[in-house]
Structure formats: C-alpha cells, structure tokens
Amino acid sequence: MAPNDPPPAWKVAGVVGFYMTVALVMVMTNKWVLSTSSLPLTFLLLQLSTSVLLLHLLPLCYDYVPPRWTRSTILAVLPVSIVNVVGLMFNIYCLKLVDASYFQVARGLTLPMTVVLQALMNGMRPSAWTIGACGLVMWGFTYSFLPIPGLSPTPTVDIYGVMEDTRRMEAPMAGMMLGVASAAMVAVHAILVKQALKKVEGHTLDLAYWQNALSALALIPGIIFSGEIGDFVDMVIGKEGDGRAFIIGSGVTGVVGFLICLAGLLSIKVTSPVTHMFSSAMRSVLQTMLGVYIFGDILNASRIMSIVLIIIGSCVYTWNQSRGSLPKSPVQEDRKRLLTGQEKTSYNYAADPEKGERKD
C-alpha cells in the first residue's frame with residue numbers, strides 16, 4: 001500500500017472500535033469507583049502513576065525511550081501539565097456528582113470555549129458554520145435548565161423502559177459548574193498543547209509522559225491537605241469502603257488511560273475527522289445507554305434532547321472542519337490565483353486534449 005493510499009476498511013474499523021471501547025471503559029470504571037469511594041484525588045494519582053509505569057515498560061515491546069528529566073524540559077511543559085491536572089480534578093469531581101449518562105452534557109461547553117479561545121488567540125472570526133455548531137452545543141447544554149415550553153414532556157424512562165410521570169430530573173448545580181470548569185481547562189489545554197509539542201519536538205508520547213508524571217506529583221500536596229491518606233489507609237486495612245474494588249478500579253483505569261494515549265495516536269494516523277465524528281457520536285449514545293443500564297440513570301425528554309443537540313452540534317463542526325481541510329484541485333487553485341491578481345497559472349486550459357501538449 002502506497003503512503004498516500006487510504007487505509008483498508010478493517011484497519012479503520014479496528015482503530016475506531018478500539019478507541020470507543022477504551023473510552024467507554026474509562027468513563028464507566030471511573031463512575032463505578034467514584035460511586036463506591038470518597039477518594040477522588042488518590043484514585044486519580046493511582047491512575048496517572050500506572051500510566052507512567054506503563055510508559056516506562058513500553059520499550060520492551062515498542063521503539064520508545066522515556067524522556068530524561070531536565071530542568072529546561074520540565075519548565076517548558078509545566079504550564080500544560082498544570083492545566084492538565086486542574087482539568088482532571090474538575091473532571092473527576094464532575095463525574096462523581098453527575099450521572100454517567102449525563103456526563104457529556106455537563107462538559108458540553110468544551111467546543112464553544114475552545115472555538116472562542118482560539119479565535120481570541122488567532123484574531124480570526126469563526127465561520128458561520130462554526131458559530132451555528134457552537135450555538136447548537138450551547139443550546140444542548142442549557143436545554144435541561146431552560147427547556148422550550150411544549151417540547152419537554154415530563155415523563156421519564158427508567159432502566160426497564162417504563163414511563164414514569166415524575167418531575168424533570170436535573171443535574172446538581174455543583175456538578176454542572178465543575179463541568180463548565182473542566183470544559184474551560186480543556187479549551188486552554190488545546191491551546192497550550194500545541195506549544196508544548198514544539199518543546200518536545202513533536203513527540204506525542206513524550207508529552208503524555210510529562211503530563212502524567214508532573215500531574216501525579218502535583219496531586220500529592222492536595223491528597224495530604226484533603227486528608228485522603230488516612231481514609232486510604234482505613235480502606236486498605238478494611239475499616240472503611242471496598243479497598244479491593246478501589247485498587248482494581250485504579251489499576252484498570254490506569255491501563256485504559258495508557259491505552260487511550262495509544263488509541264489517540266492510531267486514530268490520528270488511520271481515521272479521518274469525519275470517521276472520528278461518527279465514532280464520537282456513537283460513543284455518546286452507548287455511554288448514555290450503559291449509564292441507564294449499569295447505574296440505573298433516569299432519562300427524561302429534556303436530558304435526551306440535550307445529548308442529541310450536543311451530538312448534532314459537534315458533528316456539524318467536525319464536518320465543516322473536515323470540508324475545509326480537503327485538498328483543492330488545480331482548477332480551484334487557478335481560480336484563486338486569478339481572483340487575487342496572480343497571472344501565472346499552474347494549469348493550462350489550452351492543452352490539447354488529444355495529444356496532451358500545451359499550446360504556449
């Protein structure tokens with residue numbers, strides 16, 4: 001297969017399925033552990049430490065060498081690592097407070113915040129399609145709080161598909177605010193990560209290593225001041241909580257977090273933005289269904305509408321971005337040169353169609 005040839009369908013399907021699986025396992029395992037324990041920072045520390053350990057073991061089966069600890073490199077990646085750990089803290093507390101099926105709604109402002117921040121940084125106005133997509137996402141985020149009268153019936157659907165006539169369920173305000181804060185950190189992270197990649201010469205695994213390692217170190221003071229060390233010891237010796245489930249869950253999510261790094265690299269190399277769009281939409285639907293089935297989350301019309309609007313808005317944005325990144329044909333390039341006043345063209349319309357010769 002030539003370098004420019006598209007990858008085979010089986011490879012694309014495998015990468016998409018792998019990424020969706022590890023992402024779903026990550027969210028569901030996180031929610032399961034957080035529902036049975038009160039040690040979110042310790043849980044996050046064990047996850048990050050496991051990922052760093054696996055990155056150190058990666059050279060056993062892959063051509064990768066962990067980066068050396070130098071003062072200049074640490075200072076270069078420190079800003080993105082700080083934003084990363086703060087975003088992870090907001091993210092884990094948000095997931096602890098809201099339903100798994102509603103998690104993507106709580107963090108639904110990620111796209112609008114990223115677009116606004118990039119526009120401010122680049123000084124470029126977003127396109128009409130981008131503004132419209134962000135509008136749909138923002139509408140989906142606020143729909144559970146400000147539904148349109150007549151379009152949000154009150155019946156809810158339980159785990160068995162039975163309609164219940166109860167009042168509209170809403171996520172806790174604290175969980176939604178943490179979701180907004182998490183979305184803001186993701187937007188800032190998207191800007192800083194481009195600069196950080198230049199500092200590590202474009203090595204994505206090196207950046208993942210630094211973010212995980214420095215984030216783990218930054219969590220230690222928070223764990224000490226929050227008093228989670230004593231609670232963790234009590235859990236391990238069996239005085240409080242399920243220590244076995246906590247350790248297993250931490251190990252599983254640590255391994256899955258490492259696999260997500262690899263899945264992200266494979267996704268960039270193999271899949272297109274449109275493929276990623278559909279896989280993300282499908283993952284959101286599966287996450288909602290699993291939240292209802294595993295955790296007994298209750299869905300009502302307004303929650304379902306919020307999820308649908310956010311998915312549609314994200315799909316519109318990704319479709320528009322992928323359309324703008326398509327290579328232009330010689331005719332399109334020629335028209336652009338003519339409109340901008342450039343006389344020389346890259347394509348001669350007077351070429352003889354039979355002999356293939358140009359008539360200069």
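Values below: every heavy atom of this structure, side chains too, minus hydrogens, waters and symmetry copies.
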Would you say that [X] contacts [Y] through its side chain, given a criterion of any heavy-atom pair below 4.5 Å between the two side chains?
X    : Y    : answer
N91  : L95  : no
Y317 : V115 : yes
P59  : V65  : no
L57  : L60  : yes
I74  : W210 : yes
T29  : V256 : no
T50  : S250 : no
L197 : K194 : no

Query raised in the report: Considering the options L45, V233, L41, which one meets the side-chain contact (heavy atoms from CB on, under 4.5 Å) requirement together with E228?
Result: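 Output: one option passes, namely L41.
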Requested in this report: Going by the side-chain contact (heavy atoms from CB on, under 4.5 Å) test, name the single residue among L111, V105, T110 that passes it with V137.
Outcome: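 Single side-chain contact (heavy atoms from CB on, under 4.5 Å) partner of V137 among L111, V105, T110: L111.
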Sequence neighbours left out, cut at 3.5 Å: what donor-acceptor pairs do the side chains of residues 177-191 make with other protein atoms?
from: S182; atom 1: OG; to: R107; atom 2: NE; distance (Å): 3.2
from: H189; atom 1: NE2; to: Q211; atom 2: OE1; distance (Å): 2.4

Report task. Apply side chain to side chain donor-acceptor pair (under 3.5 Å) to Q104 and T288, showing your working. Result -> CA-CA 9 Å; Q104 65 264 38; T288 301; 3.2 Å; yes
Query raised in the report: Is there a side chain to side chain contact (heavy atoms under 4.5 Å, CB included) between V27 and N30 once you walk through the steps?
Result: CA-CA 5 Å; V27 173; N30 276 340; 5.8 Å; no
Nearest heavy-atom pair of [X] and [Y]: which atoms, and what distance?
X    : Y    : answer
M138 : L109 : CG-CD2, 4.0 Å
P221 : L217 : CD-O, 3.5 Å
P126 : I131 : O-CD1, 3.8 Å
T21  : G17  : OG1-O, 2.7 Å
L48  : A216 : CD1-N, 3.7 Å
I310 : G108 : CD1-CA, 4.0 Å

hydrophobic_cluster_shared for [Y] and [X], side chain cutoff 4.5 Å:
X    : Y    : result
L259 : Y62  : yes
V85  : W69  : yes
L44  : I248 : yes
M121 : V83  : yes
V86  : F225 : no

Gap between atom [atom2] of [Y] and atom [atom1] of [X] - 0.5 Å precision:
X    : Y    : atom1 : atom2 : result
S37  : F232 : OG    : CZ    : 10.5 Å
L58  : D63  : CG    : CG    : 9.5 Å
Y102 : C94  : OH    : SG    : 10.5 Å
L39  : I92  : CG    : CD1   : 11.5 Å
T73  : K199 : OG1   : NZ    : 10.0 Å
I294 : S35  : CD1   : OG    : 11.0 Å

Distance-only, no hydrogens or angles: does the [X] side chain make a donor-acceptor pair with backbone N or O of [Y] under 3.5 Å?
X    : Y    : result
S51  : G254 : yes
K31  : V98  : yes
N320 : W129 : no
T36  : W32  : yes
N122 : Q118 : yes

Query raised in the report: Do the ring planes of F43 and F246 sit parallel (below 30°), tilted (30 to 60°) or perpendicular (above 60°)?
Result: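 It falls in the tilted class, 30° to 60°.
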Requested in this report: Would you please indicate if the ring centroids of Y64 and H203 are separated by under 6.0 Å?
Outcome: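 Ring centres of H203 and Y64 not closer than 6.0 Å.
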Query raised in the report: Got more than 12 heavy atoms from elsewhere within 6.0 Å of NZ, K96?
Result: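 Correct, the count exceeds 12.
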Query raised in the report: Within a radius of less than 6.0 Å around CE of M26, do more than 12 heavy atoms belonging to other residues, nucleotides or ligands occur?
Result: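 Buried by this count: over 12 neighbours within 6.0 Å.
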Query raised in the report: Between I223 and I229, is a side chain to side chain contact (heavy atoms under 4.5 Å, CB included) present by the stated rule, with each step listed?
Result: CA-CA 7 Å; I223 294 173; I229 294 180; 3.8 Å; yes
Requested in this report: Show your reasoning for whether side chain to side chain contact (heavy atoms under 4.5 Å, CB included) applies to T130 and S127.
Outcome: CA-CA 5 Å; T130 300; S127 66; 3.0 Å; yes
**Report entry** Qualifying residue, where the test is side chain to side chain donor-acceptor pair (under 3.5 Å) with Q47 and the options are N212, T42, T253
**Finding:**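 Among N212, T42, T253, the one meeting side chain to side chain donor-acceptor pair (under 3.5 Å) with Q47 is T253.
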Query - Lys/Arg-Asp/Glu bridge criterion (N-O < 4.0 Å) met for R303, D99 - result: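 D99 and R303: salt-bridged.
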Requested in this report: List the steps, then state whether side chain to side chain contact (heavy atoms under 4.5 Å, CB included) holds for I311 with I307.
Outcome: CA-CA 6 Å; I311 291 175; I307 295 171; 3.8 Å; yes
